[in-house]
Amino acid sequence: MHHNVAPAKDRRLLDHLVDGQTDRGVKRGDNGAGAHPRHHLNRNLMADEASQHTEMRRAAQTSGAQDDANADGCRIETHRAIMVRSTIARRVLEKAAGARINDKFMARTEVIAHRGASAYAPENTMPSFDLAVSQDAGCVEHDLHVTKDGVLVCLHDRTLERTTNVREAFPRRGHDVREGGEIVRRWFVHDFTLAEIQQLDAGSWFRPDFAGARVPTFDDLLAWARNRVAVLTELKDPDVYKTLGVDPLALCEAALRRHGLMARPTDAAVTVQSFHAPTVRRAGELFVRRVPVVLLVEPADAALLRDPEHVSAIAEFASGIGPGKSIVGDSPEIVGWAHDAGLRVTPWTFRTATIGPFESVGAEMKYYLVELGVDAVITDHPDACPQYTP
Ligand code: G3P
Ligand code: CA
């Protein structure tokens with residue numbers, strides 16, 4: 001169990017800064033992000049689909065553990081100092097630590113940028129991740145899928161057509177599948193090699209000025225994030241990939257080793273999460289004391305958190321829970337149960353389109369952080385999150 005977060009009750013709100021924050025910028029928080037009432041994606045694979053992916057399986061099987069060389073150079077320094085927010089505290093820390101201070105110490109750990117700053121830039125792309133850092137997010141959340149040749153890439157959907165120009169680039173590579181009684185054509189990530197996916201435009205769908213943005217690999221992201229920002233990695237659909245003979249967790253572990261993140265006890269440079277409990281459990285065993293793991297919980301599965309016993313059982317294998325925000329909104333006592341069990345609580349997803357009775361997404365995030373005491377909020381709008389000081 002890993003627990004390195006200052007209790008919310010110890011954090012002090014800087015109201016004058018909060019009041020200055022509003023939901024700035026374009027209202028693009030609904031860029032498909034809310035279009036998936038269930039996050040376990042459609043599993044209507046073509047009958048012969050699994051047999052079409054020997055190349056993918058081979059690549060996955062050969063991606064064994066690699067050494068932990070460069071461990072020191074690849075680590076984010078520490079998260080302890082990240083809790084500092086105010087100018088005064090910043091100056092004190094700078095004086096105390098001198099040259100060791102850099103931008104990442106100043107980032108806000110309670111702000112997790114969902115697919116990057118995805119209200120303002122195309123989700124899961126480098127422009128979105130860069131903007132999240134510019135908006136002082138302490139952590140960048142992203143999703144992972146697996147290419148035909150066994151490479152982890154940053155994408156939310158298991159198919160490419162919503163966030164890339166795959167229809168135009170590869171018009172004959174789609175498959176007809178049944179979804180909710182309808183036949184629809186889908187372009188599955190696992191049907192495309194990395195080289196093919198890297199030809200795709202992952203920016204134009206969002207706005208023309210993002211034309212040419214590419215789908216990053218997990219390696220790209222880890223190299224970029226080093227010494228810059230923490231990463232929250234979501235493994236999508238590990239159970240579906242298992243039917244294709246691919247283990248995304250093993251690929252993830254190999255990547256973490258390549259980047260020196262499995263060398264010694266964690267400083268939470270990377271956290272791995274999934275909705276798939278068996279994968280989180282396995283990740284907990286695999287990564288113990290090196291990489292924190294989080295169990296994501298859908299609102300429909302709120303019963304997983306129905307009492308202190310169920311919550312503390314999760315602490316046997318995970319260091320945090322990521323509930324849909326309505327779960328803790330409806331049952332705030334879950335936060336206390338989780339903290340008593342040593343679990344962080346990081347609800348999702350805060351965006352302008354789903355603020356309910358709140359006057360702004362900033363006000364909603366403030367309520368969850370200050371009143372409910374969650375450890376961080378996962379948001380499309382990092383810039384709208386209020387400021388804190390320890
Ligand atoms: O970080 C949790 C959140 O990202 C889960 O929802 O569908 O955006 O991956 P989704
Ligand atoms: Ca996600």
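Order of appearance sets the numbers: ligands from 1, and atoms from 1 within every ligand. What's counted below: heavy atoms across the whole structure, side chains too, no hydrogens, waters or symmetry copies.
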Ligand-side contact atoms (ligand 1) for residue partner [X], heavy atom cut-off under 4.0 Å:
| X | result |
| --- | --- |
| I378 | 1 (O) |
| Q273 | 1 (O), 2 (C) |
| K236 | 7 (O), 9 (O), 10 (P) |
| E234 | 3 (C), 4 (O), 5 (C), 9 (O) |
| E141 | 1 (O), 2 (C), 3 (C), 4 (O) |
| H156 | 7 (O), 8 (O), 9 (O), 10 (P) |
| L296 | 2 (C) |
| R115 | 7 (O), 8 (O), 10 (P) |

Atom nearest to the Ca ion (ligand 2) - [X], N, O or S atoms considered:
| X | value |
| --- | --- |
| D143 | OD1 |
| E234 | OE1 |
| E141 | OE2 |

Would you indicate whether the side-chain heavy atoms of I334 and V345 approach each other to under 4.5 Å?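 A side-chain contact is absent here, since even the closest heavy-atom pair is not under 4.5 Å.
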Side chain proximity check, T233 to F218, heavy atoms < 4.5 angstrom: yes
Any carboxylate oxygen within less than 4.0 angstrom of a Lys/Arg side-chain nitrogen, looking at E196 and K148?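 K148 and E196: not salt-bridged.
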Any Lys/Arg nitrogen of E253 or R257 sitting under 4.0 Å from an Asp/Glu carboxylate oxygen of the other?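 So E253 pairs with R257 through a salt bridge.
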Counting only heavy atoms closer than 4.0 Å, does ligand 1 sit against the backbone of D143, its side chain, both, or neither?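 The answer is the side chain.
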May I ask you to identify, for L232, whether its side chain, its backbone, both or neither come under 4.0 Å of ligand 1 on a heavy-atom basis?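 Under 4.0 Å from ligand 1, L232 contributes no heavy atoms.
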Check whether the side chains of H259 and D219 place a donor and an acceptor atom closer than 3.5 Å, and report yes or no.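 Result is yes, a qualifying pair exists.
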Decide whether D149 and T147 meet the rule of one side-chain donor and one side-chain acceptor closer than 3.5 Å.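 The answer is yes; a qualifying pair exists.
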Classify the angle between the aromatic ring planes of Y241 and H190 as parallel (below 30°), tilted (30 to 60°) or perpendicular (above 60°). perpendicular
Under 30°, 30 to 60°, or over 60°: which ring-plane class applies to H381 and Y120, parallel, tilted or perpendicular? perpendicular
Using the rule given for side-chain contact (heavy atoms from CB on, under 4.5 Å), can you reason through L249 versus S274, listing the C-alpha separation, both sets of side-chain angles and the distance that settles it, and then say yes or no? CA-CA 10 Å; L249 179 58; S274 179; over 6 Å; no
Is W348 in polar range of ligand 1, meaning some N or O pair under 3.5 Å apart? no
Would one find an N or O of T349, backbone or side chain, under 3.5 Å from an N or O of ligand 1?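 No.
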Tell me whether the count of non-hydrogen atoms from other residues, nucleotides or ligands lying under 6.0 Å of CZ in R281 goes above 12. no
